[in-house]
Amino acid sequence: MNAAQMLVRCLENEGVEFVFGIPGEENIHFVTALDGSSIRYVLVRHEQAASFMAEIYGRLTGRAGVCSATLGPGAINLQLGVADATTNSTPMIALSAQVGRDRSYKESHQSVDLVSMFRPITKWADLVPTPEAVPEMVRKAFKVAQTERPGAVYLAIPEDVEMAEIDGDGGPLPVNRVLPQQPIPAQVTRAAEALATARHPIVLAGHGAARVGAQAALVRFAEQLGLAVATTFHAKGVFPDDHPQALGTVGFMRHDYANFGFDQADVIVCVGYELQEFDPARINPNRDKTILHLHQFPAEVDKHYPVTVGLHGDPSRSLDALAAAVPTRFDPHQIDAAIRGLAAEELDRGRADDSVPLIPQRIVADIRSAMDPSDIVLVDTGAAKMWMSRLYPTYQPNTCLVSNGLATMAFALPGALAAKLAFPDRRVLAVMGDGAFLMNSQELETAVREHIPFVVLIWEDGEYGLIRWKMELELGRHSHTRFANPDFVGYAESFGATGYRIRAAGDLLPTLRHALDDDTVSVITCPVDYAENLRLTDRLGALTDPF
Ligand SMILES: Cc1ncc(C[n+]2csc(CCOP(=O)(O)OP(=O)(O)O)c2C)c(N)n1
């Protein structure tokens with residue numbers, strides 16, 4: 001057996017179902033060794049897309065997704081998804097070839113120091129030095145990637161190592177998983193004391209809570225103590241938005257409705273919140289809140305996030321332990337109901353608005369009507385992310401995915417393909433701006449060829465809309481943001497996908513429903529009226545005492 005064959009056996013041993021990638025001259029042994037294995041190789045059209053596919057598979061399943069590329073340029077193309085996975089605390093393994101040891105010490109064709117390039121954007125990056133190292137290094141890669149706090153791991157396999165025969169009788173190592181931990185009782189007691197004397201506590205649920213499935217514990221905790229719960233963008237759905245104590249999301253660039261709940265609070269119970277998700281100054285501008293930090297690991301230091309007590313362990317166990325130690329039930333705050341009313345009102349107004357181009361609130365409302373609670377929407381980075389994150393009611397964790405660590409553009413289309421592979425029974429929608437769509441639209445070919453149905457909804461404005469919004473807000477004018485688009489319907493059809501153009505507001509919902517039920521790849525382009533962007537920030541800016 002050679003190292004490439006051993007690598008495939010080790011990936012099978014880890015339960016890997018898919019490898020996303022493009023082969024190169026230096027990893028042909030690995031790619032051909034996948035033939036006859038239980039792993040499906042998904043051939044893509046850009047390594048960046050392969051990295052996003054691996055990331056989203058990892059985010060949805062908790063098991064590291066795997067992408068693969070050749071050395072040099074192929075490996076470098078993987079870097080955006082790798083960095084995205086690490087900053088989004090998502091398990092992922094990136095594999096690439098590397099030049100052989102017979103030329104790695106000198107200037108040679110396509111040779112760059114890949115391990116050094118990957119080190120700052122991974123939890124672990126290394127070169128496989130011998131064929132015999134494969135079982136230990138693969139086991140370690142998965143263990144490091146999947147253990148809290150998850151992230152990406154990179155392994156480089158030199159071309160001569162890949163084809164070398166293995167000495168000895170080593171095989172894949174048994175998989176062991178790190179078990180959830182109970183918080184320390186003394187921490188629970190201190191946190192309970194801080195909470196019991198609070199006047200108006202509030203809960204913030206972050207990505208770390210969604211990742212470990214803390215939804216049921218959050219609902220128990222909130223109901224027992226009578227607390228309102230807001231989530232970060234990344235954690236949307238971990239507290240169901242149709243629950244009467246749900247406050248919606250925080251993380252928008254301006255003081256949004258849920259922020260008023262934090263203004264009133266004296267204690268914030270942060271569950272799985274990671275500071276990369278948004279600046280804690282948004283919820284603790286005056287640095288006067290008491291912060292209880294419930295997570296698997298200690299919090300990052302930030303002057304706006306002064307942790308009074310940290311409960312380190314599995315967030316569900318910490319929530320249950322804390323609820324058991326606090327006998328108090330807090331009275332509902334009337335401001336919380338008002339906050340919920342404002343978001344619902346905005347969405348209702350959108351639902352009834354028939355103007356063309358469509359206002360963002362109308363598009364959000366129609367997406368919600370078209371999607372079942374467990375269907376998955378991936379929202380790309382741009383103005384659409386702001387609208388969807390603020391307003392899209394989400395009922396289950398990991399059913400509305402944004403990138404909020406690196407906040408990269410162009411992950412949603414390849415990500416939708418991976419989401420459909422991970423959950424074939426759910427319907428999948430990628431929501432994207434026209435800028436982001438053209439950054440990875442080549443993967444329509446992959447999806448059509450591999451028969452992976454999903455829908456892309458383009459919010460078309462002929463512009464990098466979020467950047468225009470920011471320029472207008474901060475500079476009072478904009479420049480260098482407009483571009484021209486191809487005919488997206490004809491473009492989609494040239495790939496063998498189905499294309500739709502929305503011409504009237506009333507067309508969007510039936511078109512979405514039809515496309516989501518169709519067993520094919522569909523692209524819907526919908527004109528959007530981003531004049532609403534400034535209207536929103538002006539309205540929120542004026543909202544100083546809405547209650
Ligand atoms: C890869 C990448 N490049 C640039 C940016 C900066 N950026 C964030 S949003 C945005 C504009 C997005 O435009 P579009 O996809 O058309 O969506 P819109 O804002 O118009 O809805 C840009 C350029 C980024 N986040 N990621």
Side-chain angles (χ1 to χ4, degrees), residues 20 42 44-60 65 67 80-85 87-88 90 92 207 233-234 236-237 360 363-364 367-368 370-371 375-392 394 398-423 426-448 452-461 464-466 485 488 491-492 495 497 512 515-516 521-526 528:
F20 305 97
V42 180
V44 303
R45 305 304 302 273
H46 194 308
E47 292 89 348
Q48 183 192 107
S51 66
F52 286 136
M53 291 173 194
E55 179 191 5
I56 293 302
Y57 179 89
R59 180 158 168 192
L60 287 173
C67 56
L80 189 54
V82 166
D84 202 47
T87 52
N88 286 338
T90 300
M92 161 181 180
H207 180 214
F233 285 5
H234 220 100
K236 273 181 81 65
I363 307 179
V364 176
I367 295 172
R368 185 61 279 174
M371 301 283 277
D375 288 342
I376 299 167
V377 56
L378 297 96
V379 186
D380 219 280
T381 303
K385 168 172 139 182
M386 301 300 160
W387 288 103
M388 286 289 288
S389 301
R390 300 178 57 244
L391 288 183
Y392 182 73
T394 311
N398 279 334
T399 55
C400 179
L401 306 187
V402 296
S403 165
N404 218 27
L406 198 62
T408 183
M409 289 168 75
F411 82 96
L413 193 160
L417 188 151
K420 188 67 187 174
L421 286 174
F423 289 104
R426 302 207 207 163
R427 301 181 308 164
V428 176
L429 175 70
V431 165
M432 319 185 71
D434 38 11
F437 173 72
L438 268 195
M439 279 187 178
N440 264 327
S441 56
Q442 76 285 343
E443 300 310 322
L444 291 174
E445 191 282 322
T446 307
V448 170
I452 305 168
F454 59 85
V455 181
V456 181
L457 176 64
I458 304 170
W459 296 30
E460 190 171 357
D461 67 332
Y464 291 117
L466 181 70
N485 281 321
F488 285 130
Y491 183 78
F495 285 96
L512 270 170
L516 284 163
V521 181
S522 303
V523 176
I524 305 170
T525 185
C526 178
V528 60

Is a side-chain donor or acceptor of Asn88 paired with a backbone partner of Gly405 at a separation under 3.5 angstrom?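 Here the side-chain-to-backbone pair exists.
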Would you say Arg427's side chain and Val455's backbone share a donor-acceptor pair under 3.5 angstrom?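 Flag not set: sc Arg427 to bb Val455 has no pair under 3.5 Å.
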Show your reasoning for whether side-chain contact (heavy atoms from CB on, under 4.5 Å) applies to Thr399 and Arg426. CA-CA 10 Å; Thr399 55; Arg426 302 207 207 163; 3.9 Å; yes
Partner residues of Ala384 under the side chain to side chain contact (heavy atoms under 4.5 Å, CB included) criterion, sequence neighbours left out: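 If we apply the side chain to side chain contact (heavy atoms under 4.5 Å, CB included) test to Ala384, skipping adjacent residues, the hits are Val431, Trp459, Tyr530.
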[X] versus [Y], closest heavy-atom pair with distance:
X: Met409; Y: Ala436; value: CE-N, 3.6 Å
X: Gly415; Y: Leu378; value: C-CD2, 3.6 Å
X: Val402; Y: Ser389; value: CG1-OG, 3.7 Å
X: Leu417; Y: Glu443; value: CD1-O, 4.2 Å
X: Ile367; Y: Leu429; value: CG2-CD2, 3.6 Å
X: Leu438; Y: Ser441; value: CD2-OG, 3.5 Å

Please lay out, stage by stage, how Asp84 and Ser403 fare under the test side chain to side chain donor-acceptor pair (under 3.5 Å). CA-CA 7 Å; Asp84 202 47; Ser403 165; 2.8 Å; yes
Val379 vs Trp387, side-chain contact (heavy atoms from CB on, under 4.5 Å): CA-CA, chis, key distance, verdict: CA-CA 10 Å; Val379 186; Trp387 288 103; over 6 Å; no
Do [X] and [Y] have side chains that get closer than 4.5 Å, going by heavy atoms?
X: Ile363; Y: Leu457; answer: yes
X: Val523; Y: Ile458; answer: yes
X: Phe495; Y: Val521; answer: no
X: Lys236; Y: Met388; answer: no
X: Leu80; Y: Leu406; answer: yes
X: Leu466; Y: Lys385; answer: no
X: Leu413; Y: Asp380; answer: no
X: Leu421; Y: Phe454; answer: no

Between atom [atom1] of [X] and atom [atom2] of [Y], what is the distance when rounded to the nearest 0.5 Å?
X: Glu460; Y: Ile524; atom1: CD; atom2: CD1; result: 13.0 Å
X: Gln442; Y: His46; atom1: CD; atom2: NE2; result: 6.0 Å
X: Asn398; Y: Ile376; atom1: CG; atom2: CD1; result: 8.0 Å
X: Thr408; Y: Met439; atom1: OG1; atom2: CE; result: 7.5 Å
X: Leu444; Y: Ser522; atom1: CG; atom2: OG; result: 10.0 Å
X: Asn440; Y: Gln48; atom1: CG; atom2: CD; result: 4.5 Å

Among residues at least two apart in sequence or on other chains, which ones pass ring-ring contact (aromatic ring centres under 6.0 Å, His included) with Phe423? none
Evaluation steps, side-chain contact (heavy atoms from CB on, under 4.5 Å), between Leu401 and Leu60: CA-CA 9 Å; Leu401 306 187; Leu60 287 173; 3.9 Å; yes
Evaluate the ring planes of Phe52 and Phe411, with Trp represented by its six-membered ring, and classify them as parallel (under 30°), tilted (30 to 60°) or perpendicular (over 60°).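 Perpendicular.
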Would His234 and Arg59 satisfy side-chain contact (heavy atoms from CB on, under 4.5 Å), going step by step from the backbone distance to the final call? CA-CA 11 Å; His234 220 100; Arg59 180 158 168 192; 3.3 Å; yes
